[in-house]
Amino acid sequence: MTYAAKGSIAIDDRPRRMPPWIPGCCDPDPSRRVRHHAPKPAPSVGAGPDGREGAPRLMSATAIVSVAGFVTAFFVGAVVRDQDELRACVARHCGRGVAALADVRSGFDQFDPVAVWLVSEKTGDLLAAAAIDPDGPAFRGLLVVLRQRVVA
């Protein structure tokens, strides 16, 4: 075990397998990995150069899952074009079950309880800057995935 700088939080740094109730791409067993290969829709009128509609913007998703004596909190912040694209990111990195339960919002709410728990001050500053100028070259493809699992 390693200990955080503040000394009061123990962080278990041993590699762990995601429990079966949240299947996802992080599962070390290749037969259970989730792959999303959705066909690309035809570009429509008003679509950008990559065929997707809408301007990029910062969106965030939070979820808390409690199973078998463990509580896992998830935070995902990304510069995406719509809610469906963010949910696909959540499904890819956290599992489809979490994506279905996630509370999705436009922007970044630093006072959301999960954000207070997981997002550091510097990461919050980065997300706030991305919310102001999501088209900026520094924020293209921005994806922040945070999770913490504790014993309930």
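All values below come from the heavy atoms of this structure, side chains included, with hydrogens, waters and symmetry mates left out.
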Distance (rounded to the nearest 0.5 Å) between D82 CG and M59 CE: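 D82 atom CG to M59 atom CE measures 7.5 Å (nearest 0.5 Å).
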
Euclidean distance, C89 SG relative to D84 CG, rounded to 0.5 Å: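 If I round to the nearest 0.5 Å, the distance is 11.5 Å.
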
Indicate the atoms forming the closest heavy-atom contact of [X] with [Y], along with that distance.
X	Y	value
A61	A102	CB-CB, 4.1 Å
H93	R147	O-NH2, 2.9 Å
S60	G107	OG-O, 2.9 Å

Partner of C94 under side chain to side chain contact (heavy atoms under 4.5 Å, CB included), chosen from V65, V76, L101: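 It is V76, the one option of V65, V76, L101 that forms the side chain to side chain contact (heavy atoms under 4.5 Å, CB included) with C94.
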
Hphob cluster co-occupancy, V67 + V90, side-chain heavy atoms under 4.5 angstrom: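 In one cluster: yes.
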
Cation-pi check, R149 onto F70 ring (under 6.0 Å, within 45° of axis):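 Flagged: R149 positioned over aromatic ring of F70.
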
Side-chain (R96) to main-chain (A91) donor-acceptor, under 3.5 angstrom: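 Side chain of R96 to backbone of A91, a donor-acceptor pair under 3.5 Å: no, none is there.
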
G54 backbone acceptor or donor facing R81 side chain under 3.5 Å: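 Yes, R81 side chain to G54 backbone: donor-acceptor pair under 3.5 Å.
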
Qualifying side-chain hydrogen bond (donor to acceptor under 3.5 Å, both in side chains) pairs, either residue in residues 119-130, two or more places apart: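 Residue pairs with at least one partner in residues 119-130: S120-T123.
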
ILVMFWY cluster membership beyond L126 - transitive side-chain contacts under 4.5 angstrom: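 Direct or chained contacts put L126 with L58, I64, V71, F75, V79, F108, V114, W117, L118, V119, L127, F139, L142, V144, L146, V150.
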
Counterpart residues, salt bridge (Lys or Arg N to Asp or Glu O under 4.0 Å), relative to D103 (two or more places apart):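 D103: salt bridge (Lys or Arg N to Asp or Glu O under 4.0 Å) contacts with R105.
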
